[in-house]
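Everything quoted here is computed from the prediction, not taken from an experiment. Within every chain, numbering begins at 1; the chains are lettered A, B, ... in the order of the sequence lines, protein sequences first and strands thereafter.
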Amino acid sequence: MSEDMTLSTAQNKQENGTGAPMGMLAELTYRCPLQCPYCSNPLDINRADTELTTAEWQTVMRQAGECGVLQLHLSGGEPCVRPDLEEILQSAVEAGLYTNLITSGVTLTRERLEGLVKIGLDHVQLSIQDVDPNTAKLISNYKGGAEKKREVARWVKELGLPLTLNVVIHRHNIENTSEIIDYAVDIGAGRIELAHVQYYAWALKNRAALIPSREQFYQSVKVSNEAKERLKGILVFDVVAHDQYAIRPKACMGGWGRSLLTVSPSGKVMPCQECETIPGLEVDNVRDTPLEDIWFKGQAFQMFRGTSWMKEPCKSCDRREIDWGGCRCQALAVTGDAAATDPACHLSPYHDEFAATAEHEAAEEPPPFVYRRLG
Amino acid sequence: MDESISKKRTVVTQESRVAFPPHIKLHRDAVRQQWLILAPERVFHPDEISVAVLKQCDGTRTVAEIAEKLTHEYQATIDVIQPDILDMLQDLADKGLVDA
């Protein structure tokens with residue numbers, strides 16, 4: 001039996017051609033009480049872009065169900081700041097989607113969570129910034145988060161929902177990998193995401209403040225691999241590795257336009273959250289075009305779908321349909337060409353410099369964070 | 001830390017009565033025309049025999065009873081079919097997809 005990870009490393013089971021999308025990341029809003037310096041939201045959030053209305057999101061959910069989306073990830077920003085989260089969720093449940101709430105938890109009440117469970121919420125992914133409350137506060141620039149998150153985790157379990165713990169890993173918390181795993185078991189999580197920072201958007205701006213050393217990364221992976229074996233049947237692990245210290249790139253988004261789509265707060269439908277940095281990319285909006293048409297025919301989805309856009313060394317590589325050339329946005333950011341090989345790949349001529357820059361930054365004292373703020 | 005882990009690994013035996021926990025869904029996908037298992041942030045593609053077994057996993061039948069039933073449908077002997085079913089269900093239990 002094969003497995004699809006629907007958010008981080010998805011693979012769609014399609015023999016040929018384009019299949020239906022497996023997962024949809026619905027960024028309901030960019031608003032968030034936290035200011036984490038690795039936020040994946042765009043740097044230049046345009047406040048003038050109005051968020052989709054309740055009715056518009058409900059249409060998106062119906063269209064998603066009709067075109068074959070299986071898993072819905074309600075995200076943001078912080079999705080709980082939308083007062084109409086319940087109505088949007090209701091439509092998603094009616095559309096037959098498996099619903100996942102990705103939240104920091106800080107604005108939730110038990111009553112609200114109970115209401116969401118009654119509507120049909122399937123799963124909660126709760127983030128923490130660190131097990132050390134002081135570091136957590138430093139990262140999120142938010143007071144009192146640590147206690148609240150533990151409380152939210154308890155509510156999730158009391159209400160009988162499965163729980164994933166998400167922790168973004170960087171130089172300020174990487175030494176706590178073991179304690180973070182213990183915390184996940186302690187709160188009753190069935191799954192943990194240890195997401196070593198991917199350097200896009202705010203994280204790229206804060207790279208020197210975040211990036212750990214190669215040795216720290218290897219040690220953290222060793223700890224998580226050992227724990228994975230020890231906790232078999234208790235905790236499922238999903239580790240997103242560091243591109244800078246990798247040999248091969250990851251199949252970013254499971255391959256461009258193969259499994260996943262993202263809908264931004266203002267209705268832009270994108271193959272990935274960061275893709276608007278790519279010149280020549282035309283992003284369609286669900287306000288104008290049905291989701292299915294955008295998925296199958298939209299220029300943004302076609303641009304790097306499959307392998308025909310590839311250059312060497314990807315073009316003749318026998319891993320081209322395993323990693324799909326890695327990440328287009330990272331290729332652009334590092335090489336200036338979005339169709340180049342992801343520099344995470346050892347075959348990229350930029351790979352050595354890419355890794356050396358990271359190691360150099362990790363060896364220096366971390367600069368202060370540039371906190372994520374809206375526009 | 002090990003002592004404080006309250007949750008234990010599920011071990012599937014021929015006496016186990018296997019069932020899906022809440023929020024794990026065996027789902028017939030109309031768009032793809034196939035059976036899928038929907039789990040937190042994961043989708044699994046069970047093969048035909050796995051689907052036949054999983055449809056029987058309602059928490060009342062034992063693995064031995066399910067194996068016995070399937071020997072007729074697949075014209076295979078129980079000593080062939082039962083170890084395969086146990087391996088498959090143990091793998092699913094380790095992934096958190098079934099309880100026993």
With sequence neighbours left out, the residues meeting salt bridge (Lys or Arg N to Asp or Glu O under 4.0 Å) with Glu73(B) are Lys69(B)

Rounded to the nearest 0.5 angstrom, the CG-CD1 distance for Asp94(B) and Ile234(A) is 9.5 Å

Output for pair (Leu70(A) CG, His27(B) NE2), nearest 0.5 Å, gives 5.5 Å

Listed by number, the residues in residues 15-26 of chain B that come under 4.5 Å of chain A (heavy atom to heavy atom) are His23(B), Lys25(B)

request  = Answer yes or no: is there a side-chain heavy-atom contact under 4.5 Å between Arg42(B) and Val236(A)?
outcome  = yes

| Main-chain N/O of Ala39(B) paired to Gln71(A) side chain as donor or acceptor, under 3.5 Å | yes

Check whether more than 12 heavy atoms from other residues, nucleotides or ligands sit under 6.0 Å from atom NZ of Lys228(A), and answer yes or no. no

If one checks every heavy atom of Ala30(B) against chain A at 4.5 Å, the contacting part turns out to be neither

Cut-off 4.5 Å, heavy atoms of chain B, and the answer for Leu163(A) is neither

Looking only at Leu38(B), Val11(B), Thr10(B), most heavy-atom pairs under 4.5 Å shared with chain A are made by Leu38(B)

Note: Ala20(A) and Val31(B) closest approach over all heavy atoms is CB-CG1, 3.9 Å

